[in-house]
Amino acid sequence: MTLRTLDSLGSLAGKAVIVRCDLNVPLKDGQITDDGRVRASIPTLNALINQGAKVVVISHLGRPEGAPDAKYSLAPVAQRLSELLGKPVTFARDTVGSGAQDAVAGLTDGDVALLENLRFNPGETSKDDAEREAFAAKLAAFGDAFVSDGFGVVHRKQASVYELAKALPSAAGLLIATELDVLDRLTENPERPYAVVLGGSKVSDKLGVIGHLLPRVNSLLIGGGMLFTFLAALGHKVGSSLLEADQIETVKGYLAKAEELGVEIVLPRDVVVASKFGADAEHVVRPIDGIEDTDWGSSGLGLDIGPETAELFSEYIRAARTVFWNGPMGVFELAPFAAGTKAIAQALTEIDGLGVVGGGDSAAAVRALGFSDDQFGHISTGGGASLEFLEGKHLPGLEVLGWQQ
Ligand SMILES: Nc1ncnc2c1ncn2[C@@H]1O[C@H](COP(=O)(O)OP(=O)(O)O)[C@@H](O)[C@H]1O
Ligand SMILES: O=C(OP(=O)(O)O)[C@H](O)COP(=O)(O)O
């Protein structure tokens with residue numbers, strides 16, 4: 001079966017359509033620092049508005065713990081959405097309560113409402129199927145049909161991604177269709193050499209994909225927060241850097257498997273070690289076996305790859321014909337730790353082949369560092385989702401829409 005697309009829902013004029021977007025944007029002091037995911041959601045929303053549907057947009061933002069938390073409110077997103085659509089967007093102060101009910105009841109054809117953060121409700125991410133179904137049923141009461149367009153969450157078996165798609169006539173939106181077109185080019189006979197570059201801070205999620213990615217690629221370059229678990233697996237001390245101690249044995253397994261398969265896992269040679277987490281931290285470049293050999297000893301923390309590593313990774317990237325990159329190489333939001341990410345972005349703009357950047361923060365990073373979207377083959381809105389797609393995993397949010405790999 002192939003993905004059910006918007007036309008499969010028939011005419012949506014006058015119907016209430018719930019649209020699951022991934023509007024999980026980076027915020028600083030309540031301001032959106034990169035609106036790429038909001039922009040990416042616009043074509044589907046406009047298609048529905050133009051048909052005269054009543055559009056009910058739902059999304060998560062960040063990882064609140066199943067209860068309202070003002071710092072994860074979607075209110076700033078509602079404002080940006082309204083600007084980009086060029087029309088008012090009613091913002092509901094809750095997700096399924098009286099605020100949402102009033103917002104939806106007030107919609108006329110072609111109007112748009114955005115409900116408050118889905119993850120303010122424990123049912124959204126519950127491990128219990130019945131709890132997710134119950135929450136999805138409350139959402140489903142707001143619509144006649146469901147459009148799933150949050151590509152960044154299709155790897156999550158969550159109520160608004162999976163159970164809601166079962167509860168209503170459902171189809172994929174235009175963003176999901178576009179993302180899959182590009183990712184297909186990375187899975188079906190990618191031009192070789194094929195390199196995948198991994199970084200970022202969702203370390204346990206991303207360590208999990210490596211085992212299945214290894215047989216598909218020629219090299220795997222490891223930077224960002226996950227590099228320290230690899231260095232620890234090689235016996236190095238990593239100070240107070242991000243570390244998944246319980247994954248060290250798994251990582252040793254990956255290193256052995258890569259050797260068996262003849263795939264290169266390329267690890268950093270140097271890192272930028274900081275006295276603390278902050279833009280005003282003191283920092284020095286250290287070789288990977290000297291992370292604790294600074295004035296700060298074991299309290300020093302690695303916040304970027306070093307210059308020698310940036311050059312090494314850039315060489316691999318420029319020599320590849322297909323590259324997928326997810327996860328910043330360092331804490332690019334703080335100027336002293338942005339150089340590694342900038343070097344990798346630059347190399348990706350120079351490849352002779354297809355270079356894809358994936359992930360909310362990775363996309364934000366390349367734009368914040370002065371690159372434009374058209375310098376890359378594609379900027380995907382999903383990091384974890386793309387990686388799980390590339391490793392060949394069955395993604396619940398796609399399968400429920402009829403997709404089979
Ligand atoms: N060495 C590091 N230590 C701590 N955080 C890091 C490190 N390197 C990168 N990061 C952080 O990783 C975050 C992005 O990670 P992630 O969400 O996994 O990426 P994406 O959204 O692109 O999938 C950024 O906010 C960045 O500051
Ligand atoms: O930012 C996201 O994913 P990404 O960091 O892998 O790109 C998505 O919004 C999914 O968020 P989640 O990883 O909290 O489920």
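Every number for a ligand or one of its atoms is a count from 1 in the order of the listing. What's counted below: heavy atoms across the whole structure, side chains too, no hydrogens, waters or symmetry copies.
- The ligand atoms of ligand 1 that sit less than 4.0 angstrom from a heavy atom of G225 are 1 (N), 2 (C), 7 (C), 8 (N).
- For ligand 1 and K202, the ligand atoms under 4.0 Å from any heavy atom of the residue are 17 (O), 18 (O).
- For H60, the heavy-atom gap to ligand 2 drops under 4.0 angstrom.
- Numbered from 1 in the order shown, with element, the atoms of ligand 2 that lie under 4.0 Å from a heavy atom of G359 read 7 (O).
- Distances below 4.0 Å separate heavy atoms of F228 from the following atoms of ligand 1: 1 (N).
- The nearest protein atom to atom 15 (O) of ligand 2, hydrogens excluded, is given as R156 NE, 2.6 Å; this is a heavy-atom distance.
- Ligand 2 has no N or O atom lying under 3.5 Å from any N or O atom of Q158, backbone or side chain.
- Counting heavy atoms closer than 4.0 Å to ligand 1, residue N326 contributes side-chain atoms (C-beta onward) but none from N, CA, C or O.
- For ligand 2, none of its N or O atoms has an N or O atom of G62 under 3.5 Å away.
- Between D22 and ligand 2 there is a heavy-atom distance shorter than 4.0 Å.
- Looking only at protein heavy atoms, the nearest one to atom 6 (O) of ligand 2 is G384 N, 2.6 Å.
- For a threshold of 3.5 Å applied to N or O pairs, the pair formed by R63 and ligand 2 contains at least one separation below that value.
- Contacts between V331 and ligand 1, counted as non-hydrogen atom pairs separated by less than 4.0 Å, involve both the backbone and the side chain.
- In terms of protein heavy-atom proximity, atom 10 (C) of ligand 2 is nearest to G152 O, 3.5 Å.
- Ligand 2 has R119 within reach: a non-hydrogen atom of the residue lies less than 4.0 Å from it.
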